[in-house]
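Before any comments, here is the structure.
Being a predicted model, the structure only gives us computed values, none of them experimental.
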Amino acid sequence: MRSTAHATVRPRYGVLDVVGLLLREILLMIVVFLAVLAVGTAAVLTIKKTYTASGKVYAGVGQEYVYQPRVGTGERGQAPNLGEVAQSEAAILGSQEVRRRVVQALGPDAILGPNTDNDPPAVREAAALKTIAGGLGVGTVPLSAVIGVSYEADDPDIAATVLNAVIDQYLIHRREVFQDQTTPAIRAQREVFEDELAQADAAYEEFLVSEDIGDFAAAKAGLALSYQTVFADRLSVQAQLSQTDRRLATLEAQQAATPAEVTLQQDLNISAQDLILQRRTERENLLARYTPDSQPVRDIDAQIAQLEDYVAEGTAVGPKEVRIGPNPVWLELETNRINTRAERDSLAARLAVLDQQLAEILARQTRMTQLESSNATLSGNREVLTTSVREFQQRETQSRADNELVKAGADNVTVIERAVPPSDGTSMKVPLLAAVFLFAGFTALCVGLLRVFTRRGFPTPASAGRTLGLPVLAVAPMKAR
């Protein structure tokens, strides 16, 4: 008995076969094309015009983008470029918080329109947030500080209103973001430092009072100056004392060699000379009456010659009366000696006082040197705390002033262009209709091909010969059922 085997073979089609078969399904394809085109056209025609409001914001580099150390006087960080600042500001502008603030400021009805479906407020707010997120556009240009912002809506007034609200809420939100929140902490830390400074001042004041010091640095400098002055004075007094001792010794030596008494007055005996003068006077008187050879004249001449010989012997002149008294030179030397000794005693007493003062100053300097470490510690604590208090006061003042300036709008962001209701709307009907047309044609072609490739049997003689590998000799028309 002969057995029969069956095998399923997929027909092979050529290009002409596919085209011919598609032409057979042209009616179906036209129906599908028209149906899809009608549905798509109806959907596109329901789309409304959209209006896009636009604005521009300038975002420059401000101090909030530069690193500033909270404590100390370290170097500030490098400022970013304009493009980086613009990207950061654009991120804040398009943030969810700004959109939420816009919904709270305007209300969902101003964004979505009247609530005709009586939806809950939470649902309306979520829808409004979604609408703003879908219509809001924020763009930046590399290396530019200008941020372009736009909002697309069905109504031009709504588009402009929502976009201006976005810009306003962005300005408010960024001021809160960059507002310095460290002012209370700085104030609290300043108060802590002030308390510590008060304690340090009290400890330092107690230290100065206990050591009888008004100002440590001034006292130390004063002691050094006093030591130099007293030491120089001591050297001068020593020199003067040595000079006075030498002078006193010289005076005593001179006084010892000087007699205490000397002849004050001595009267000489000159009676012989007086007699000679008298005899000469008498001779002249006699010459007036007598000749030189007369006896009276010769007697006078003999007397004169005798007196002259007596005087010539040297015994005729001698002290007649002598008075002795104190020597003035000795008295002057005694006076100088007494004064010099008094001066020497005075200098010796002064030198003793200076030595005592130097000893006291040296002891005080030694004590100051011992207290220097304690003074350095206490004064250093006061200086550090004073510097910290001053720095935190300055930081607190600057932070408070900066916050007030930021609240007043003094920042690096400026609105260049606000949104106005756009006069011209844009519509996607033409591109969408073209897309619907192409989609309808593609759908109809796909249906036709699906119809062709799912057909059973060999639709054409060429397909039968190509699939079976046998020549087709004749074609008989299909018998009607």
Side-chain angles (χ1 to χ4, degrees), residues 13 15-55 94 96 99-100 102-103 106-139 148-166 419-456 459:
Y13 299 100
V15 176
L16 296 178
D17 295 338
V18 173
V19 173
L21 293 175
L22 288 176
L23 291 177
R24 293 181 184 180
E25 307 294 337
I26 189 66
L27 181 61
L28 177 62
M29 293 171 61
I30 291 174
V31 172
V32 173
F33 173 78
L34 292 177
V36 174
L37 182 63
V39 174
T41 302
V44 169
L45 292 178
T46 58
I47 298 176
K48 299 180 181 179
K49 280 187 176 183
T50 58
Y51 297 88
T52 303
S54 61
Q96 179 72 12
R99 296 195 294 267
R100 187 183 63 80
V102 171
V103 173
L106 298 180
D109 294 341
I111 301 171
L112 302 175
N115 187 6
T116 57
D117 297 335
N118 295 325
D119 293 331
V123 176
R124 296 278 292 174
E125 290 180 2
L129 284 173
K130 186 176 180 180
T131 302
I132 294 177
L136 181 63
V138 180
V149 57
S150 62
Y151 184 74
E152 182 179 333
D154 296 337
D155 187 272
D157 295 331
I158 293 177
T161 301
V162 172
L163 185 58
N164 287 328
V166 169
V420 295
S423 58
D424 297 329
T426 57
S427 177
M428 298 295 293
K429 290 182 179 181
V430 175
L432 291 177
L433 286 176
V436 168
F437 181 83
L438 294 177
F439 181 75
F442 178 74
T443 304
L445 179 61
C446 291
V447 171
L449 291 175
L450 181 64
R451 180 69 176 174
V452 169
F453 289 112
T454 57
R455 184 184 297 273
R456 294 183 177 181

Test log, rule side chain to side chain contact (heavy atoms under 4.5 Å, CB included), inputs V103 and R124: CA-CA 10 Å; V103 173; R124 296 278 292 174; over 6 Å; no
Validation row: M29, V447 side chains within 4.5 angstrom (heavy atoms): no
Which residues share a side chain to side chain contact (heavy atoms under 4.5 Å, CB included) with I30, sequence neighbours left out: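 I30 satisfies side chain to side chain contact (heavy atoms under 4.5 Å, CB included) with I26, L34 only.
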Test ring-ring contact (aromatic ring centres under 6.0 Å, His included) applied to F437 - qualifying residues, sequence neighbours left out: F33
Main-chain N/O of G94 paired with R99 side-chain donor or acceptor, under 3.5 Å: yes
Minimum heavy-atom distance between T131 and Y151, given as atom pair plus value: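 Closest pair (atom of T131, atom of Y151, distance): CG2-OH, 3.6 Å.
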Heavy-atom pair of closest approach, residues A440 and L37: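 Residues A440 and L37, closest heavy atoms: CB-N, 3.7 Å.
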Straight-line distance of I111 CD1 to E125 CD, nearest 0.5 Å: 9.5 Å
Going by atom type alone, with no hydrogens or angles, which donor-acceptor pairs under 3.5 Å involve a side-chain atom of residues 157-166 and a protein atom two or more places apart or on another chain?
unit_1, atom_1, unit_2, atom_2, d
T161, OG1, D157, O, 2.7
N164, OD1, A419, N, 2.9
N164, ND2, A160, O, 3.1
N164, ND2, A419, O, 3.0

Evaluation steps, side chain to side chain contact (heavy atoms under 4.5 Å, CB included), between L129 and R100: CA-CA 7 Å; L129 284 173; R100 187 183 63 80; 4.3 Å; yes
